[in-house]
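What follows is a short report on a single structure.
So you know, we letter chains A, B, ... as the sequences are listed, proteins then strands, and number each from 1. As a basis for the values below, the full set of heavy atoms in this structure was taken, side chains included, without hydrogen atoms, waters or symmetry mates. Keep in mind it's a predicted model, so treat the numbers as computed, not measured.
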Protein chains: 2
Amino acid sequence: MAPRAGIDVDTILQKAVEIIDRDGYEDLSIGKLAGALSIRPPSLYNHIGGLSELKQRLAVFGCGKLYEQMIGAAVGLSGDEAVYALSLEYVYFARQHPGLYEATFRAPDLHAPDLREAQEKVVQIVVQVLAVYKLDEETILHMVRGLRSMLHGFTSIEQTGGFGLPLNLDESFHMMIKTFLKGLPIKK
Amino acid sequence: MAPRAGIDVDTILQKAVEIIDRDGYEDLSIGKLAGALSIRPPSLYNHIGGLSELKQRLAVFGCGKLYEQMIGAAVGLSGDEAVYALSLEYVYFARQHPGLYEATFRAPDLHAPDLREAQEKVVQIVVQVLAVYKLDEETILHMVRGLRSMLHGFTSIEQTGGFGLPLNLDESFHMMIKTFLKGLPIKK
DNA sequence: TTGTAATAACTAATGTTATTAGTTATTATA
DNA sequence: TATAATAACTAATAACATTAGTTATTACAA
């Protein structure tokens with residue numbers, strides 16, 4: 001019998017991230033993961049409950065990573081600059097980690113508290129960067145939803161190759177954000 | 001042996017739509033579908049190539065349905081009214097057919113010509129309703145991408161329960177569209 | 001209407017994947 | 001050092017998709 005491979009949950013998670021970012025979320029399987037870790041498939045169950053739990057963990061982990069990148073991008077900036085920086089980082093994260101980004105929307109349990117918490121932190125950053133605009137409190141929250149919709153929508157369509165026109169993607173993205181910011185219902 | 005159940009591809013597709021809209025896209029299986037049609041699982045292969053082909057068909061069919069609903073909503077309208085109507089129909093379609101909407105983004109072959117064609121028709125409607133605004137030709141296409149991002153993003157986040165704040169969803173949606181339209185870079 | 005061909009239903013079998021149960025050898029710990 | 005814990009393994013099971021072949025139901029031609 002092989003000596004212990006020194007595997008733990010984090011090792012498994014990292015390897016899973018590698019696989020989904022390289023091969024796609026749908027390609028993740030217990031067998032593939034075990035092979036990548038040089039152990040037999042059932043051995044994985046010593047560390048994780050199963051494929052479903054792994055996917056849940058990926059979702060939570062992905063949200064946490066997204067949060068970290070976004071928070072880093074907005075430091076020291078405010079107003080439009082912060083919004084652009086934050087938004088760009090969102091898209092870059094998804095481009096760097098397509099599988100992990102997808103995982104954040106594919107959690108088996110969408111209601112799990114830790115997932116909700118991780119998502120809430122991401123929302124909070126968006127709230128913060130939009131809070132400096134002179135908007136009604138409630139309006140800010142509406143706009144947060146708007147911005148998040150744009151970010152996710154753009155990323156998702158981009159990832160599925162849905163922007164087929166011969167038109168610069170980054171420019172489309174920039175103009176979309178710009179248009180939204182220009183239209184914000186600023187109070188007088 | 002049972003008499004022929006009178007099943008064809010369309011019957012299968014409709015039943016599949018029922019299942020995914022009711023139980024979720026992930027719940028679709030050959031066994032479940034066969035059960036719902038009162039035939040044995042292998043019998044389905046007389047009509048469709050397999051689960052993958054079924055999913056592909058669902059994606060194409062979903063885009064077609066979305067197109068029909070959107071085109072119907074915009075008839076006789078133009079400008080802001082058309083955009084609002086179109087956008088609302090988009091969201092309503094997804095709410096009525098959550099599984100089918102999801103299927104449109106989950107095609108096994110994202111590059112299949114018929115899928116691309118169905119998607120293109122949806123894009124064309126968006127192009128048409130934005131074309132009446134005084135924008136540069138290229139800008140129109142950027143804005144089309146923007147609007148599509150918002151529609152898909154909003155719908156997707158809504159479907160995964162990601163809008164957790166106690167805030168009216170339709171109002172958020174309306175304000176998002178309003179903000180974007182207000183910010184459109186109209187030419188003087 | 002009848003006989004034949006086509007085909008949609010079935011059963012049996014196979015392959016793939018996730019998971020469970022139990023064994024064994026490797027570590028951790030007292 | 002001995003024992004307990006546990007991570008590795010193997011074997012087995014269950015579920016699901018699919019293939020191959022059989023049989024009975026229809027469609028079609030004469």
Side-chain angles (χ1 to χ4, degrees), chain A residues 1-61 99 102-103 106-110 112, chain B residues 1-61 99 102-103 106-110 112:
Chain A
M1 190 178 295
R4 300 189 178 193
I7 285 168
D8 59 13
V9 178
D10 287 339
T11 314
I12 292 173
L13 203 55
Q14 296 312 314
K15 186 62 69 174
V17 171
E18 279 176 36
I19 290 173
I20 59 177
D21 278 344
R22 189 189 62 222
D23 301 331
Y25 187 79
E26 301 283 357
D27 242 37
L28 183 63
S29 71
I30 290 289
K32 190 164 192 172
L33 186 53
L37 292 166
S38 303
I39 58 173
R40 314 304 294 230
S43 304
L44 283 173
Y45 295 85
N46 288 309
H47 308 280
I48 57 171
L51 192 53
S52 187
E53 184 191 313
L54 178 59
K55 284 177 175 175
Q56 193 69 24
R57 286 180 178 275
L58 281 166
V60 176
F61 180 71
E102 188 173 351
R106 299 281 295 274
D109 180 9
L110 293 171
Chain B
M1 191 176 292
R4 301 191 175 190
I7 285 166
D8 58 13
V9 177
D10 286 340
T11 314
I12 293 174
L13 203 54
Q14 294 313 313
K15 186 61 71 174
V17 171
E18 279 177 36
I19 291 173
I20 57 176
D21 277 344
R22 189 188 64 222
D23 301 332
Y25 186 80
E26 303 282 356
D27 243 36
L28 183 63
S29 70
I30 292 287
K32 190 164 193 174
L33 186 53
L37 294 165
S38 301
I39 57 172
R40 316 302 297 227
S43 303
L44 284 172
Y45 295 86
N46 288 310
H47 308 281
I48 56 172
L51 192 54
S52 188
E53 182 191 314
L54 178 60
K55 285 175 174 175
Q56 193 69 23
R57 285 180 180 273
L58 281 168
V60 175
F61 179 73
E102 189 174 350
R106 302 280 294 276
D109 180 9
L110 294 171

Can you tell me how far [atom2] of [Y] sits from [atom1] of [X], rounded to the nearest 0.5 angstrom?
| X | Y | atom1 | atom2 | result |
| --- | --- | --- | --- | --- |
| B:Ile48 | B:Leu54 | CD1 | CG | 4.5 Å |
| B:Ile39 | B:His47 | CD1 | NE2 | 5.5 Å |
| B:Leu51 | B:Glu53 | CG | CD | 10.5 Å |
| A:Leu44 | A:Ile7 | CG | CD1 | 7.0 Å |

Exercise for the section: Using chain B heavy atoms and a threshold of under 4.0 Å, write down where along DNA chain D the contacts begin and end, 5' to 3'. Expected result: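 The footprint of chain B covers D:dA17 to D:dT26.
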
Practice task
Would you kindly check whether a donor in the side chain of A:Arg4 faces an acceptor in the base of C:dT26, or vice versa, at under 3.5 angstrom?
Solution key: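 Counting by modelled atom types and ignoring angles, a donor-acceptor contact under 3.5 Å is found here.
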
Practice task
Specify the residues of residues 45-61 of chain B, ordered by number, for which at least one heavy atom lies under 4.0 angstrom from an atom of DNA chain C.
Solution key: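 Under 4.0 Å from DNA chain C: B:Asn46, B:His47.
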
Problem - Contact summary for B:Gly99 and B:Asp21, nearest pair of heavy atoms - result: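 In terms of heavy atoms, the two residues are closest at N-OD1, 2.9 Å.
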
Practice task
Measure across B:Leu58 and B:Ala103 and return the closest heavy-atom pair with its distance rounded to 0.1 Å.
Solution key: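 In this case the closest contact between B:Leu58 and B:Ala103 is CB-CB, 4.0 Å.
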
Practice task
Report yes or no: does A:Gln56 contribute a side-chain atom to a donor-acceptor pair with the main-chain N or O of A:Asp109 at less than 3.5 Å?
Solution key: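 Looks like yes, one N/O pair under 3.5 Å.
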
Exercise for the section: Could you list by number each residue of residues 33-43 of chain B showing a heavy-atom separation from DNA chain D of less than 4.0 Å, or answer none if no residue does? Expected result: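 Output list: B:Pro42.
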
Problem - Residues from residues 8-19 of chain B lying under 4.0 Å of DNA chain D - heavy atoms - result: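 The stretch gives none, as no residue of it lies under 4.0 Å from the strand.
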
For residues 29-38 of chain A, please give each side-chain donor-acceptor pair under 3.5 Å, one per line with the distance, not counting sequence neighbours.
residue	atom	partner	partner atom	Å
A:Ser29	OG	A:Lys32	N	3.0
A:Lys32	NZ	A:Asp23	OD2	2.8
A:Lys32	NZ	A:Asp27	OD2	2.9

Handout entry: Residue whose nearest DNA chain D nucleotide is more 5′ - B:Gly31 or B:Pro3
Key =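 By nearest-heavy-atom nucleotide position, the 5'-most residue is B:Gly31.
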
Exercise for the section: Enumerate the residue pairs fulfilling salt bridge (Lys or Arg N to Asp or Glu O under 4.0 Å) with a member in residues 4-16 of chain A, sequence neighbours excluded, ordered by first and then second residue. Expected result: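 Output for this query lists A:Lys15-A:Glu18.
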
